[in-house]
Trainee: 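Here it is, the structure, as structure tokens.
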Amino acid sequence: MKLTGVELIHVSMPLVSPFRTSFGTQVTRDLLLLRVVTDEGEGWGECVTMPDPVYSSEYVAGAADVLRRFLIPTLAASGPLDASRVATVLAPFKGHRMAKAALEMGVLDAELRAEGRSFARELGAVHDRVPCGVSVGIMDSIPALLDAVGGYIDEGYVRIKLKIEPGWDVAPVRAVRERFGDDVLLQVDANTAYTLADARHLARLDPFDLLLIEQPLEEEDILGHASLAQQITTPVCLDESITSAQSTAAAIRLGACAVVNIKPGRVGGYLEARRIHDVCVAHGVPVWCGGMLETGIGRAANVALAALPGFTMPGDTSASDRYYRTDITEPFVLDAGTLTVPTGPGIGVLPVPELLAEVTTHTEWVTV
Ligand SMILES: CSCC[C@@H](NC(=O)CCC(=O)O)C(=O)O
Ligand SMILES: [Mg+2]
């Protein structure tokens, strides 16, 4: 398979409601799609960078630049395309995992479509549907939060994740427990908003029987998470800190995490995501699939990943309408709290051209 070129497609999708985390509020999802064109067909990749470097160091314009100037030309010059070699070919360029992940995903999708194999089959999926959790942003009030949580429970989501930050943590968790009871699967995500000095405060979440507390401390603070894990009973889960199979093994061995949130974009792609899954399974650490408000393109691939055997906890693989009134693919619709794993070749979905056109702000063709 030979790379002919890549189209960088900038999209801006309005969210059905503002999504507030400890690092800001999103009202639209501005992201980059890649249409990878080869001599044997096309593949699609989704770059999950934020417009600003506030979740991680990557951001949309930076990803487009590194793809345009370094990643795409280098891959094109490396000989016949082979998705399993993309990470090696791009390794000389440091970081930029989300940009690399999008390119690898597009190559893998093109390869699998040409061979008639699905992502699920390629990655080793063992389920044909996956249970879905939902991420609930920081709200203006406790009543507003309870309305949102009640709505998602009524829709059938099997796990609730609450975004927290200093000043919005114990009270919302207590209110959800008091309103919806102890049986609701409940977890929280701090997006690095706390420090080790908050350990005693975070221990106040222990009585609420949370599944986990996600990324309470900053990305680099592995030892801090290990120390925090000794001071609270809520299991610590890492997200931003998990960037590769290597860093996962180190975090587990240092006692920094009892659970891992795997996001293919954050770790450099679906093949590295599978390696992280394998490391976690080997260490008896449960994993779940995180989300970056993906369109149906990335959502399709995430659902396939979430069907691997080690994904034993519901992920942030919500239905399309959690974030979008209209997705750019056929929507993913919740069915009894689950999403069906796509079975078609590659990621199994395609953008609907007119829907993609509606949200496309600009495109750029990178010739090779
Ligand atoms: C776009 S930034 C969102 C990052 C956040 N993701 C979610 O909360 C889930 C989002 C989703 O459902 O896709 C996380 O840190 O886990
Ligand atoms: Mg997170």
Side-chain angles (χ1 to χ4, degrees), residues 11-13 15-32 46-60 63 98 101-102 130-139 148-149 152 155 157-165 168 186-194 210-219 225 235-243 257 259-267 273 287-303 305-306 313-324 327 331-332 334 339:
V11 304
S12 181
M13 296 175 65
L15 299 184
V16 294
S17 59
F19 183 57
R20 184 178 155 196
T21 68
S22 63
F23 57 79
T25 300
Q26 289 173 259
V27 292
T28 63
R29 185 65 172 103
D30 298 339
L31 54 75
L32 197 55
E46 181 158 343
C47 183
V48 297
T49 44
M50 304 274 289
D52 308 328
V54 289
Y55 164 78
S56 73
S57 59
E58 294 189 75
Y59 59 104
V60 173
M98 292 177 180
V130 298
C132 300
V134 65
S135 182
V136 185
I138 294 167
M139 299 274 176
V149 171
Y152 292 131
E155 288 180 45
Y157 285 103
V158 300
R159 182 269 283 145
I160 298 292
K161 162 168 141 177
L162 303 179
K163 290 292 185 177
I164 62 171
E165 64 181 7
W168 180 269
L186 184 62
Q187 64 193 55
V188 294
D189 186 0
N191 287 109
T192 75
Y194 296 87
L210 298 177
L211 288 172
L212 55 91
I213 178 170
E214 186 180 345
Q215 199 70 42
L217 311 181
E218 63 175 339
E219 176 184 337
H225 283 101
V236 174
C237 172
L238 293 178
D239 171 352
E240 289 88 336
S241 296
I242 301 295
T243 54
C257 60
V259 186
V260 168
N261 164 341
I262 297 182
K263 288 179 182 172
R266 185 194 67 222
V267 303
V287 303
W288 52 281
C289 186
M292 293 295 286
L293 284 71
E294 286 89 348
T295 73
I297 297 291
R299 198 161 300 274
N302 284 356
V303 171
L305 179 71
M313 299 175 77
D316 286 342
T317 49
S318 305
S320 293
D321 68 2
R322 161 62 185 90
Y323 295 104
Y324 306 115
D327 204 335
F332 280 85
L334 205 62
L339 288 182

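Order of listing sets the numbers, starting from 1, for every ligand and every atom in it. Here the structure is a predicted model, which means the values were calculated and not measured. Numbers for residues simply follow the sequence, beginning at 1. Keep in mind that the numbers below use all heavy atoms, side chains included, and drop hydrogens, waters and symmetry copies.
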Trainee: With only distance considered, is Gly291 within less than 3.5 Å of ligand 1 through an N or O on each side?
Mentor: yes
Trainee: Considering the options Asn302, Thr317, Leu305, which one meets the side-chain contact (heavy atoms from CB on, under 4.5 Å) requirement together with Val130?
Mentor: Thr317
Trainee: How far does CE of Met13 sit from OH of Tyr324, to the nearest 0.5 angstrom?
Mentor: 5.0 Å
Trainee: Among all the protein's non-hydrogen atoms, which is closest to atom 9 (C) of ligand 1, and how far away is it?
Mentor: Asp316 OD2, 3.4 Å
Trainee: When only distance counts, is Arg29 in polar contact with ligand 1, meaning an N/O pair under 3.5 Å?
Mentor: no
Trainee: Would you check the N or O atoms of Asp189, main chain and side chain alike, for any that come under 3.5 Å of an N or O of ligand 1?
Mentor: yes
Trainee: Looking only at protein heavy atoms, which one is nearest to atom 1 (C) of ligand 1, and how far off is it?
Mentor: Met50 SD, 3.3 Å
Trainee: Looking at Val16, is its backbone amide N or carbonyl O close enough to the side chain of Arg322 to form a donor-acceptor pair, meaning the two atoms are under 3.5 Å apart?
Mentor: no
Trainee: Got the closest protein heavy atom to atom 10 (C) of ligand 1, with its distance?
Mentor: Tyr323 OH, 3.3 Å
Trainee: Keeping to distances under 2.8 Å, can you name the protein N/O/S atoms close to the Mg ion (ligand 2)?
Mentor: Asp189 OD2, Glu214 OE2, Asp239 OD2
Trainee: Write out the residue and atom name of the closest protein heavy atom to atom 13 (O) of ligand 1, then the distance separating them to 0.1 Å.
Mentor: Leu293 N, 2.8 Å
Trainee: Does a donor on one side chain sit under 3.5 Å from an acceptor on the other, for Asp239 and Tyr55?
Mentor: yes
Trainee: Is it the side chain, the backbone, both or neither of Asp239 that has a heavy atom closer than 4.0 Å to ligand 1?
Mentor: side chain
Trainee: Is the terminal nitrogen or CZ of Arg20 (NZ for Lys, CZ for Arg) located under 6.0 angstrom from the six-membered ring centre of Trp168 and within 45° of that ring's axis?
Mentor: no
Trainee: Can you list the ligand 1 atoms lying under 4.0 Å from a non-hydrogen atom of Gln26?
Mentor: 1 (C), 2 (S)
Trainee: By number and element, which atoms of ligand 1 are closer than 4.0 Å to a non-hydrogen atom of Phe23?
Mentor: 2 (S)
Trainee: Could you say whether the N/O atoms of Lys163 and ligand 1 ever approach to under 3.5 Å?
Mentor: yes
Trainee: Answer yes or no for Arg322: is there a heavy-atom contact with ligand 1 below 4.0 Å?
Mentor: no
Trainee: Note the single closest protein heavy atom to atom 15 (O) of ligand 1, along with its residue, its atom name and the distance in Å.
Mentor: Asn191 ND2, 2.7 Å
Trainee: Could you check whether any side-chain N or O of His225 sits under 3.5 Å from a backbone N or O of Cys257, counting only pairs where one atom can act as donor and the other as acceptor?
Mentor: no
Trainee: Looking only at non-hydrogen atoms, which of Lys161, Gln215, Met292 approaches atom 16 (O) of ligand 1 most closely?
Mentor: Lys161
Trainee: Could you verify whether a donor N or O on one side chain and an acceptor N or O on the other, from Glu46 and Thr295, lie under 3.5 Å apart?
Mentor: yes
Trainee: Look only at interatomic distance and state if Ser318 has a nitrogen or oxygen under 3.5 Å from any nitrogen or oxygen of ligand 1.
Mentor: no
Trainee: Give the atoms of ligand 1, by number and element, whose distance to some non-hydrogen atom of Glu214 is under 4.0 Å.
Mentor: 16 (O)
Trainee: Looking at Val236 and Pro216, what are the two nearest heavy atoms and their distance?
Mentor: CG1-CD, 4.4 Å
Trainee: Any side-chain donor-acceptor pair under 3.5 Å between Tyr152 and Lys161?
Mentor: no
Trainee: For atom CZ of Phe23, is the number of surrounding heavy atoms from other residues, nucleotides or ligands below 6.0 Å larger than 12?
Mentor: yes
Trainee: Counting from 1, what ligand 1 atoms have a heavy atom of Phe19 closer than 4.0 Å?
Mentor: 8 (O)
Trainee: Under 4.0 Å, counting heavy atoms only: does Lys263 come that close to any atom of ligand 1?
Mentor: yes
Trainee: Within the distance-only criterion (no hydrogens, no angle test), does the side chain of Arg159 pair as donor or acceptor with the backbone N or O of Leu211 below 3.5 angstrom?
Mentor: no
Trainee: Give me the nearest non-hydrogen protein atom to atom 8 (O) of ligand 1 as residue plus atom name, then the distance to 0.1 Å.
Mentor: Ser135 OG, 2.8 Å
